[in-house]
Amino acid sequence: MLDWGRFAREIESAERVLVTTHVRPDADALGSELGMAALLAAAGKDLTIFNASPTPTRYRFLDPEGDRIDFLRPGVTAPPSQPDLIIVVDTGTWSQLAGLADWVRNSPAKRLVVDHHVTQDDLGGPALVDVSAPACGILVYEGFVARGTPISPDTADALFAAIAMDTGWMHHPNTNSRALDALARLTDAGARPADIYRELFERNSPGRYRLMGRLFEAIQLGEEGRLAEATITLGDVQRAGAHMMDTEDFVQLLMGVVGVESAALCFVQVGGGTKVSLRSRGGVDCAALAARFGGGGHKPAAGATMKGDAPESARRKILAALVEEMRAIRAAA
Ligand SMILES: [Mn+2]
């Protein structure tokens, strides 16, 4: 539970508040922003939501008119006006603020972070962080409860989407009763789970499905079925009538094969080079592995882009390193 008394004191003197989040915002980032904005509007604040990057197509249903969440783009190189408080949600690092970081640094406004990530920079203001929360949206939901602010159906949808996405629609290991309780209460407040699910998961392009078919055909298993790997080429993407962004979450499909503990998916890039996505639940540290090839991430999920190598050589290198790790972990067990 965050210190909502502290939150109340921090927002007390502010009249104009700008809410922002990390670059390439996901549902938790956007839902938390919309929730935070509603929470502050109920406290009589003047609100702006402004991000370093556009709202991805998949999440535009959260801001259907596109008039609530603004962002940097050609012709709009800064937020429209200076706030007296900047609230950063779902991140606490300068690098994640990307193109907005310098503007935040140079703004005379006070700063406040509301987040659930471990990695935190000093953004020049207090950070209200709860790393045990599966989603930032849960923290914002708890803010409504703590402050006794009613939740509108639209805000309930935004917070529901935030929590549902950061828990992988309630199947990631972080799914707990705190998340499920928040989802239940948000549903009571008017959230529409079936509509949100359709928006998030049933808006695939036909090209994405054709490319998925190609992926399923290309899966190769190794290490007695514990390793799944595949490569998606530019030709695959073109023949499917798809785009590279249609490959989002593809590596997770490899992890769905029974017995698979680690997965590597290589994407041949347009400008040359190979992007590799790694997943593991068998003890392999994907972040450490990716770091050896100039990438990074989390232990169970990481990635790297290998620029200097031809695709086949990049694939061989990453697989050799992954197999070596898998065997070392097995030998030690
Ligand atoms: Mn999050």
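For ligands, and for the atoms within them, numbers begin at 1 and follow the listed sequence.
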Are Arg73 and Phe71 in a cation-pi setup, meaning NZ or CZ lies under 6.0 angstrom from the ring centre and within 45 degrees of the ring axis?
-> yes
Over 12 non-hydrogen atoms of neighbours within 6.0 angstrom of CZ in Arg147 = yes
Lys/Arg-Asp/Glu bridge criterion (N-O < 4.0 Å) met for Glu199, Arg60 | no
When you check the side-chain N and O atoms of Asn51 and Glu33, is any donor under 3.5 Å from an acceptor?
-> yes
At distances under 2.8 Å, what protein N, O or S atoms surround the Mn ion (ligand 1)?
-> Asp28 OD2, Asp90 OD1, His116 NE2, Asp166 OD2
Centroid-centroid under 6.0 Å between Trp169 and Phe160 rings = yes
When rounded to the nearest 0.5 angstrom, what distance separates CZ in Arg292 from NZ in Lys317?
-> 11.5 Å
